[in-house]
There are 2 protein chains.
Amino acid sequence: MPCQKRCGSQWWHGKVKDCGYRITAGREAIIDTLAATHDHLSAEDVYSRIHARFPNVGLTTIYRTLDMLAQAGLVSRFDFGDGKSRYELTQGPKGEHHHHHLVCTECKRVIDYTDFIDDELELLRRTEKGLSQKYNFRIDNHMIQFYGVCKDCLRDQP
Amino acid sequence: MPCQKRCGSQWWHGKVKDCGYRITAGREAIIDTLAATHDHLSAEDVYSRIHARFPNVGLTTIYRTLDMLAQAGLVSRFDFGDGKSRYELTQGPKGEHHHHHLVCTECKRVIDYTDFIDDELELLRRTEKGLSQKYNFRIDNHMIQFYGVCKDCLRDQP
DNA sequence: TCCTTAATGGAAACAGTTTCCAATAATAAC
DNA sequence: GTTATTATTGGAAACTGTTTCCATTAAGGA
């Protein structure tokens with residue numbers, strides 16, 4: 001499939017090219033899809049959202065591209081315990097706020113929160129520094145998740 | 001398979017019985033296996049370690065039991081990004097120290113660390129309190145992981 | 001000791017993901 | 001703009017960790 005958007009100068013093109021990857025219509029569509037939502041999409045989710053407009057982008061490409069974007073750091077992969085990987089843009093075009101996750105182990109709902117995030121990030125930075133020195137480990141990323149039962153599920157089964 | 005250990009009064013029996021589960025030789029073997037290591041075992045790992053002594057404990061039972069023990073809170077399930085769930089005792093017979101994980105994205109090695117853990121736990125407690133109030137969410141658990149590249153992998157490919 | 005019911009193992013099904021390969025399209029070189 | 005090179009692609013098939021199914025067995029209360 002030819003790249004129909006003329007592959008101009010989107011915010012993310014630089015990063016992808018810097019990593020030696022090409023800009024294609026499929027990749028364009030996948031990033032657009034992730035940028036257009038706050039949901040935590042699975043590969044299948046991305047596929048079905050793209051399929052309407054681009055019927056000829058295959059699921060294999062979705063998997064490959066999400067993987068590549070995760071390598072490049074543009075996309076973050078999460079596991080919320082429902083058996084499939086979930087993806088979100090690490091940082092959107094406008095540099096949205098970093099957030100962490102609150103996962104309901106009953107209904108699998110995920111709440112993004114940014115409360116306390118500054119304290120958390122501050123502590124994480126200190127910890128990262130200490131750990132990377134002690135273990136000679138280059139730390140690229142972190143992940144904080146809280147697990148529990150959400151409001152609705154608490155009501156349904158007290 | 002009959003329970004050969006006379007199913008006495010192991011440290012974990014209470015919790016399992018309280019949840020309405022029975023004590024069986026398979027469960028005994030699985031907990032023993034987890035208690036005997038600091039590794040992060042997959043279901044298959046547990047299976048192969050048990051199989052020598054108990055050839056008639058099936059893989060299905062391993063999965064079922066690990067799941068049940070996770071429900072009961074005796075075992076914690078982790079995902080380190082290699083496609084399989086990994087398990088460890090939430091707390092051993094002697095109440096070992098809580099720890100967090102440092103995951104190498106190259107070789108998948110996992111380092112348990114307890115440095116800074118007190119600061120982390122302190123912050124987590126505060127955050128948990130704030131979040132559970134704000135979102136009416138009952139928080140049962142948390143998970144912190146750092147991702148990066150370990151000493152050995154850094155040396156191999158600088 | 002008997003009885004009820006949870007737990008079990010093995011085979012088969014399942015689901016998410018990866019691999020394979022020939023065809024196609026993005027970019028570099030001209 | 002044209003051509004050459006090489007990464008990317010879609011679809012089918014393979015793969016792998018996990019779950020389901022069901023007839024059999026054993027735990028634990030009566």
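Chain A is the first sequence line, chain B the second, and so forth, proteins listed ahead of strands; every chain is numbered from 1.
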side-chain hydrogen bond (donor to acceptor under 3.5 Å, both in side chains) contacts in which one or both residues fall within residues 68-81 of chain B, not counting sequence neighbours: D67(B)-R77(B), S76(B)-T90(B), R77(B)-Y87(B)
Whole angstrom value for the distance that separates P of dT8(C) from CD1 of I50(B): 11 Å
Nearest-angstrom distance from the residue atom CE of M68(A) to C1' of dT9(D): 14 Å
Distance below 4.0 Å between T24(B) side-chain N/O and dA7(C) OP1 or OP2: no
Partner residues of D112(B) under the salt bridge (Lys or Arg N to Asp or Glu O under 4.0 Å) criterion, sequence neighbours left out: none
Contacts of type ring-ring contact (aromatic ring centres under 6.0 Å, His included), residue Y147(A), not counting sequence neighbours: none
Spacing between L66(B) atom CG and dT8(C) atom P, to the nearest angstrom: 12 Å
Members sharing L123(A)'s hydrophobic cluster (side chains within less than 4.5 Å): L123(B)
ring-ring contact (aromatic ring centres under 6.0 Å, His included) partners for Y47(A), two or more places apart: H51(A)
Most 5' of P55(A) and Y21(A) on DNA chain D, judged by nearest nucleotide: Y21(A)
Nearest to side-chain heavy atoms of R22(A), which nucleotide of dA26(D), dT8(C), dT8(D): dT8(D)
Distance below 4.0 Å between R27(B) side-chain N/O and dT8(C) OP1 or OP2: yes
Nucleotides 16-24 of chain D: protein proximity per nucleotide (B base, S sugar-phosphate only, - neither; heavy atom, under 4.0 Å): -SBBBB---
Separation of atom CG in N56(A) from atom C1' in dT8(D), rounded to whole Å: 14 Å
Atom-to-atom span, CD1 of I30(B) to C1' of dT8(C) - whole angstrom: 11 Å
Value in whole Å for how far the P atom of dA7(C) lies from CZ of F54(B): 18 Å
Distance-only side-chain donor-acceptor flag, H142(A) / H100(B), under 3.5 Å: no
